[in-house]
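Below is one structure, written out as structure tokens, with a few remarks after it.
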Amino acid sequence: MTNQIQSVRGRVMRHASRYLLMGLLIAGTTWASAAMAATTTLKNISYDALPGGSVELHMDFGDGPVPQPKIFTTGNPPRIAVDFADTDNAAPRHLDIGKGSTSGVSAVAAGGRTRVVVELMRESSYRSRVEGNSLVLTVNNGSADQSVTTAATIDPTKALPSSSSGPAISNIDFRRGPNGEGRVLINFSGSGANAEMTRKGDKVLVSIDHANLPANLAQRLDTLDFATPVQSIVTRAGNGGGARMEIAVKGNVETSAYQTADQYVVEVAPKKAETTKDAKLARLGQEPSYNGKRVTFNFQDIPVRSALQLIADISGLNLVASDSVGGSVTLRLVNVPWDQALDVILRAKSLDKRRNGNVVWVAPQAELAKYEQDLADAKLKAQDTAELVTDYVPISYGKAADIAKLLTSGSMQGGGGAGGSGNTQRGFLSPRGSVSFDTRTNTLLLNDTPEKIKQLRELIAVLDKPVQQVLIESRIVVASDDFTRELGAKFGVNGRVNNTEFQNAAAATPALTAGLGGGNVTSGGLNVNLPVAPAAGTFGLAILGANYAIDLELSAAQSEGRGEVISSPRVITANQQEAVIRQGQEIGYVTFQNSAGSGAGSGTATVQFKDAVLELKVTPTITADNRVYLMINVKKDALAGYVDAPGSGKIPTIDTREINTSVLVDNGQTVVLGGIYEINKSNTMLKVPGLGDIPGVGVLFRKTSRTNTKAELLIFVTPRILSETLQ
């Protein structure tokens, strides 16, 4: 490719002085004839800084008269363009100014026409006048004054021809672009139309000269349904002929326009600020974005080589055109980036480009495709004949067998101490390459071309890196709150009858006693036995008479208890590796089999075990944003007691608490995985029927008990990343 580029570059350098003349001869159009007949030359451009930031530009034409200028402006970027027909350029291509609102001025000649572009820092008004053989353009310092062109001093005999001599406007169409931009397409019946675009507030104005507008196209188009910045298009005939188009836009937009021989396209695109990484990734797969310096071209049948030379001068690139690049193109590009202008020219002529640094090679698409295919074939042939070398790569953090499997994508053969590959699917290897591994030294053995060995080493360096470590701390909190209150009473009445008038009383006492019931009843007494056992406190009262005794004993107890069990298992593991930590006991118990039915302890004795453990099982995954995704299982078992099993002794019962979940947690953040809250309330009463319901006195004939139990289980987890991946 280097020899070809140098050959093309040499031919270009030898014939550079004749490119413009050859292009004009081939074009054979009115513009070419006018260029050949050009008699006026722009000799020099100078400037004077005026008070208030204004700049006065002097465009000197030597001994010849000042040609009729055509001046127009653009708003984004702000520019003032001056076109001189039938004029050559001998002035410097660019002049830096940096005064007021004027940044610089450029002059370019092509196709027998010279364009002077005044580059502005902001939109500014201007005035123009002719002084002798010079055109004087005064640029204000960004004032809001209306642009005034003193055309009275310019020769009116060089006015442009009337609109009626141009082609007809054949169609006006509107389309929506793939990125939401609106495109207005103006088609002409032939070449020769002259269109200008300007931006004024929320409207884009298009002036079309040298063209005729049919009556049926003078209408308003409503484009709201297309969901673009373009709201409507109004087209009407101009006062002096031609057509005037007003495009209403909405929002912050960018406008551009370009013209071919029979079409003029205005594009209005929404202006988006894509500064984030996600926005840049979202543009992948879409149309290319252009960010080159904006230019304005207006050429009729200009040679393609001359157009490429103009773009090379503006962009500062070294551009090499193939010998097969030729023909001419008509350009009407207004305020477009130079790289987009280059793509427009290449697409129009079925050309393509390849860039290497600041050198751009332009050639027909078929020629570039053939060159690249030949280059790929030569590279494949070089790989088939390249010498194979052997290299040894020690693996530090992973397993050589695993990395070998990744490199071969399933085509590897080997194990233990050696392996090879003979399949057609080579993975990352070349068609002649192979890979082996040694498990003892954890080393890869590569056999491939030197270039492929270098690529494999770079890939292995990416794969063989230390894995980040994660510390997972968990806390299981079991809190309990118990409350019990009991009230009871013992009440007894004993009597003796000595008076003969009550000789039947002794016989009546047992019957009465039986009616009262409850407790231990002695002969001749009345007893209620409902005490609290064990009692925290008692209160007794006795009344003794000559032949009777009354005993009263009140008992009460209240218990309160609060308990808290905190278990804190913690474990360190590698990223995406499961870790398990357990602590507890195995509870043994005896069962009997083949029992003869003679009772417990008969038959064959078997010892069995039940686990009562605290267990943490977790698999962490570190995300790209430095958070931790946990797949976690926490279990806490405890011995609750024993139950009797007929013929098998006692079997333990286990209280089980367990949670199994997945959660995404920030590094170092503590999160509550879950909890269980239990409340048990019970109120019991033991009383003597009937007597226990008597208001007031009934407390002597009943026993009350109230129990309130609360239990709460909470599980916390905190992951911490201990190490970062080494770069």
Distance-only, no hydrogens or angles: does the [X] side chain make a donor-acceptor pair with backbone N or O of [Y] under 3.5 Å?
| X | Y | value |
| --- | --- | --- |
| Gln577 | Ala574 | no |
| Asn318 | Ala312 | no |
| Asp438 | Thr441 | yes |
| Arg432 | Ala386 | yes |
| Asn442 | Ile395 | yes |

Between [atom1] on residue [X] and [atom2] on residue [Y], distance to nearest 0.5 Å:
| X | Y | atom1 | atom2 | answer |
| --- | --- | --- | --- | --- |
| Thr408 | Phe428 | OG1 | CZ | 10.0 Å |
| Asp402 | Asp464 | CG | CG | 11.0 Å |
| Leu630 | Ile472 | CG | CD1 | 6.0 Å |
| Ile460 | Ser396 | CD1 | OG | 11.0 Å |
| Lys617 | Ile632 | NZ | CD1 | 12.0 Å |
| Ile715 | Arg475 | CD1 | CZ | 12.0 Å |

Taking the side chain as everything from C-beta on, heavy atoms only, tell me whether [X] gets closer than 4.5 Å to [Y].
| X | Y | result |
| --- | --- | --- |
| Asp339 | Asn291 | yes |
| Gln231 | Leu224 | yes |
| Phe226 | Arg183 | no |
| Asp611 | Arg582 | yes |
| Pro569 | Ile476 | yes |
| Asn633 | Glu658 | yes |
| Arg294 | Pro337 | yes |
| Val204 | Val249 | yes |

Please find the pair of heavy atoms, one from [X] and one from [Y], that lie closest to each other, and give the distance.
| X | Y | answer |
| --- | --- | --- |
| Arg176 | Ala227 | NE-O, 3.4 Å |
| Ile345 | Ile311 | CD1-CD1, 3.6 Å |
| Ala579 | Val571 | CB-CG2, 3.8 Å |
| Tyr392 | Arg457 | O-NH2, 3.1 Å |
| Val672 | Phe716 | CG2-CE2, 3.4 Å |
| Ser474 | Val634 | OG-CG2, 4.1 Å |

Count the heavy atoms belonging to other residues, nucleotides or ligands that lie under 6.0 Å from [atom1] of [X], then report whether that count exceeds 12.
| X | atom1 | value |
| --- | --- | --- |
| Gln583 | CD | no |
| Asp225 | CG | no |
| Met121 | CE | yes |
| Arg175 | CZ | no |
| Leu459 | CG | yes |

Candidate pair Lys610 and Asp637, rule salt bridge (charged side-chain N to carboxylate O under 4.0 Å, His left out), full reasoning:
CA-CA 10 Å; Lys610 282 190 175 183; Asp637 298 338; over 6 Å; no
Please report the C-alpha distance between Arg199 and Glu123 in whole Å, then the side-chain angles of each, then the deciding distance to 0.1 Å, and finally whether the salt bridge (charged side-chain N to carboxylate O under 4.0 Å, His left out) criterion is met.
CA-CA 11 Å; Arg199 175 81 181 274; Glu123 293 188 11; over 6 Å; no
Show the numbers, then the answer: is there a side chain to side chain contact (heavy atoms under 4.5 Å, CB included) between Leu346 and Val362?
CA-CA 8 Å; Leu346 298 181; Val362 177; 3.6 Å; yes
Pair Gln373-Lys370, side-chain donor/acceptor within less than 3.5 Å
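On atom types as modelled, these side chains do not qualify, holding no pair under 3.5 Å.
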Please identify each residue that fulfils side-chain hydrogen bond (donor to acceptor under 3.5 Å, both in side chains) with Glu372, with sequence neighbours left out.
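Result, side-chain hydrogen bond (donor to acceptor under 3.5 Å, both in side chains) vs Glu372: Arg354.
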Kindly determine whether Arg657 and Ile676 satisfy side chain to side chain contact (heavy atoms under 4.5 Å, CB included), including the steps that lead there.
CA-CA 9 Å; Arg657 301 174 180 90; Ile676 299 174; over 6 Å; no
Decide yes or no on side chain to side chain contact (heavy atoms under 4.5 Å, CB included) for Leu388 and Thr449, but give the supporting numbers first.
CA-CA 5 Å; Leu388 298 180; Thr449 62; 3.9 Å; yes
Would you please test Gln455 and Asp448 for side chain to side chain contact (heavy atoms under 4.5 Å, CB included) and show each step?
CA-CA 11 Å; Gln455 297 175 2; Asp448 215 319; over 6 Å; no
Show me the pairs that pass side-chain hydrogen bond (donor to acceptor under 3.5 Å, both in side chains) and involve residues 704-718, at least two apart or across chains.
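Output for this query lists Thr670-Thr718.
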